[in-house]
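Below, each value reflects all heavy atoms present in this structure, side chains not excepted, and no hydrogens, waters or symmetry copies.
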Amino acid sequence: MRLKCVDCGSSCPLEPFQVRCGCGGLLEVEQDLTLVDAELLKRRFQERLSERMGVYASGVWRYKELIFPELPDEYIVTKYEGNTGMYAPEPIRETLGIRGLYFKAQSENPSGSFKDNGMTVAVSHGRSLGYSAFACTSTGNTSSSLAMYAAMGRSRAYVFVPNRKVSANKVLQTQAYGARVLSFDGTYDDGIRFLEKRGEELGLYVCNSVNPLRIEGQKSIIYEIAQTLGWSLPDWIIIPGGALSNVSALGKGLADLKSLGFIPSVPRIALIQAEGASPFHRMIASGSPVLTPEPRPDTLASALNIGNPPSWKKARSVLEMSSGVTCSVTDAEILAAKAQIDRSGIGCEPASAATLAGLQKLIAEKTIAKDETAVCILTGNLLKDTDVLKGSFQDIPVDLSGSDWEALLR
């Protein structure tokens, strides 16, 4: 395993650890998989589904040979992350008129979001290097995930949180796990710049999406989808985009599966952003070669409220590899889609619902055909951001001794 720069192509060993190349480009993990026996691994992955305790009971570490084969097991901190449900709500499929539709509920992870898939790998790697202090800047989900794994690994967690457009639920969850929460005047992007500049000198292992080991862990999401569907993927994967780490990991995992012969072809990817925080979508739609940051991102989908996504170059490469598309959706469209997902019994936070809103728009535009199939990835739990639910809360007063029950229950 080595680290390779996505800009200049130079490579370096995993140690000493760094998140950027000397040229300023982000790094990604390179593995030599030429000697991997795909059929042997398929059987091994299937056998591990029966595990209930230990490292391989994890829906991430089940795929250790493809994620971090060199990491000794004694450093691994796991809470059996992954192993999340895949659902096919028929009413939503019928409304869309699409041939096949699944929702992959990463919201069922231990801390309530997809960040656990990557965080278990990042924190485990940091422990193997001797770190005892971990840090991130976050709009919420990253912070609560880091706080949970740091607590389990008896380490310290420092979380830098913008003082606006952040869910109070996520911050409270982070504090409950024992992390020190440091609120600052600025955006997620300001926090990232600070940690990249000062993290090393402060002795902090940075766990944001710029960390290439986090991306390796998040590859497990697509591995799990593929295994659940018998190593056959749908025509489309629909994914929300904030910092763009998830689409970067998705593409990396798909490339692995295709090169190893696990899957016959790569599905197309649709990346969905909130209209008020959609610099990547605007770049792709305009054909621009570079991303122009949004200095004041503004969306109620707090997990998507990122104006300068650090992984945009990786995400662009993934779209090119998969003949992918982008789309932006309004907050009103997100809330309408969220209501459908919530009332199907699955539930999700607003950022997750952007996938269904985007799918509806792409079907209406005929970018996605109704005879195709799709998986929407739901990234965060319903309880992660409850502020948006307050406006729709209905409290119906009743008189237990004299109400018109037939009318009330109709």
Side-chain angles (χ1 to χ4, degrees), residues 45-53 56-63 67 78-96 98-120 141 144-145 148 169 173 217-240 246-247 249-250 253-254 257 263 267 269-270 272 303 337-359 373-386:
F45 297 157
Q46 192 65 28
E47 290 166 2
R48 288 174 181 168
L49 287 175
S50 63
E51 296 277 349
R52 288 295 177 266
M53 296 186 69
Y56 298 122
S58 162
V60 174
W61 296 107
R62 179 191 314 149
Y63 309 105
I67 289 175
T78 178
K79 203 175 180 184
Y80 312 131
E81 52 286 313
N83 298 310
T84 56
M86 190 112 98
Y87 304 103
E90 190 62 13
I92 297 179
R93 188 202 66 77
E94 288 180 351
T95 299
L96 293 174
I98 194 170
R99 180 164 62 88
L101 177 64
Y102 295 95
F103 288 91
K104 177 63 169 171
Q106 291 303 109
S107 48
E108 295 176 356
N109 262 302
S111 81
S113 84
F114 78 97
K115 300 297 176 75
D116 294 353
N117 291 69
M119 199 62 70
T120 178
N141 285 330
S144 50
S145 183
M148 181 184 75
N169 298 40
Q173 182 185 9
Q218 286 169 211
K219 293 190 308 184
S220 60
I221 298 171
I222 197 63
Y223 297 164
E224 202 169 69
I225 292 172
Q227 185 175 10
T228 300
L229 296 177
W231 304 107
S232 176
L233 288 167
D235 299 303
W236 289 87
I237 308 289
I238 319 295
I239 189 165
N246 218 9
V247 71
L250 177 67
L254 286 171
L257 294 178
I263 57 175
I269 294 171
I272 316 300
K338 173 176 162 53
Q340 292 183 68
I341 296 169
D342 290 349
R343 290 166 190 168
S344 74
I346 302 171
C348 67
E349 70 172 346
S352 298
T355 56
L356 176 57
L359 176 59
T373 56
V375 170
C376 290
I377 297 179
L378 304 181
T379 49
N381 190 278
L382 170 69
L383 298 177
K384 282 285 191 173
D385 191 349
T386 54

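- Looking only at side-chain heavy atoms (C-beta outward), K384 and S144 come within less than 4.5 Å of each other.
- Summarising the geometry, atom CG belonging to L382 is positioned 5.0 Å from atom CG belonging to D342; distances are rounded to the nearest 0.5 Å.
- Here the straight-line distance linking atom NZ of K79 with atom OG of S145 works out to 10.0 Å at 0.5 Å rounding.
- When side chains are defined from C-beta on, I225 counts as touching L233, because their heavy atoms get closer than 4.5 Å.
- The minimum heavy-atom distance between N83 and S58, with the atom names listed, is ND2-C, 3.8 Å.
- T228 places none of its side-chain heavy atoms less than 4.5 Å from the side chain of Y102.
- Under the side-chain hydrogen bond (donor to acceptor under 3.5 Å, both in side chains) criterion, T78 pairs with E81, sequence neighbours left out.
- In terms of the side chain to side chain contact (heavy atoms under 4.5 Å, CB included) criterion, residue partners of E94 (sequence neighbours excluded) are, by chain and number, E90.
- Separation of atoms CD (Q106) and CG (N141) is listed at 12.0 Å; rounding is to 0.5 Å.
- Within the structure, the salt bridge (charged side-chain N to carboxylate O under 4.0 Å, His left out) test picks out the following pairs touching residues 223-232 (sequence neighbours left out): R62-E224, K104-E224.
- The minimum heavy-atom distance between T84 and A105, with the atom names listed, is CB-O, 3.1 Å.
- At least one side-chain heavy atom of F114 sits under 4.5 Å from a side-chain heavy atom of I221.
- At a threshold of 4.5 Å between non-hydrogen side-chain atoms, the residues I263 and L254 count as touching.
- Looking at T120, its side chain never comes within 3.5 Å of a backbone N or O of D116 through a donor-acceptor pair.
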With side chain to side chain contact (heavy atoms under 4.5 Å, CB included) as the criterion, how do Q46 and Q227 come out once you've worked through the C-alpha distance, each side chain's angles and the decisive distance to 0.1 Å?
CA-CA 8 Å; Q46 192 65 28; Q227 185 175 10; 3.3 Å; yes

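- To the nearest 0.5 Å, the span separating CG on L378 from CE on M86 amounts to 11.0 Å.
- In this structure the side chain of E349 never reaches within 4.5 angstrom of the side chain of S107, judged on heavy atoms.
- For S50 (side chain) and E47 (main-chain N/O), a donor-acceptor pair under 3.5 Å exists by modelled atom type.
- A donor and an acceptor atom, one from each side chain of T379 and S352, are located under 3.5 Å apart.
- The side chain to side chain contact (heavy atoms under 4.5 Å, CB included) search around E51 returns R48, Y56, A57, not counting sequence neighbours.
- Rounding to the nearest 0.5 Å places OG1 of T355 at 7.5 Å from CD1 of I272.
- Contact check for R99 versus T373: side-chain heavy atoms found under the 4.5 Å cut-off.
- The nearest pair of heavy atoms linking A249 to Q218 is CB-CB, 3.4 Å.
- Across all non-hydrogen atoms, the minimal contact from N117 to S220 is ND2-OG, 3.0 Å.
- Taking A353 as the reference, I334, A337, K338, I341, C348 meet the side chain to side chain contact (heavy atoms under 4.5 Å, CB included) condition, with sequence neighbours excluded.
- Shortest non-hydrogen contact noted between G217 and V60 is O-CG1, 4.1 Å.
- A heavy-atom distance below 4.5 Å is found between the side chains of I92 and F103.
- With values rounded to the nearest 0.5 angstrom, L257 atom CG is found 7.0 Å from I222 atom CD1.
- Closest of all the heavy-atom pairs between L101 and C376 is CD1-SG, 4.2 Å.
- In this view, Y223 and Y63 satisfy the ring-ring contact (aromatic ring centres under 6.0 Å, His included) rule, not counting sequence neighbours.
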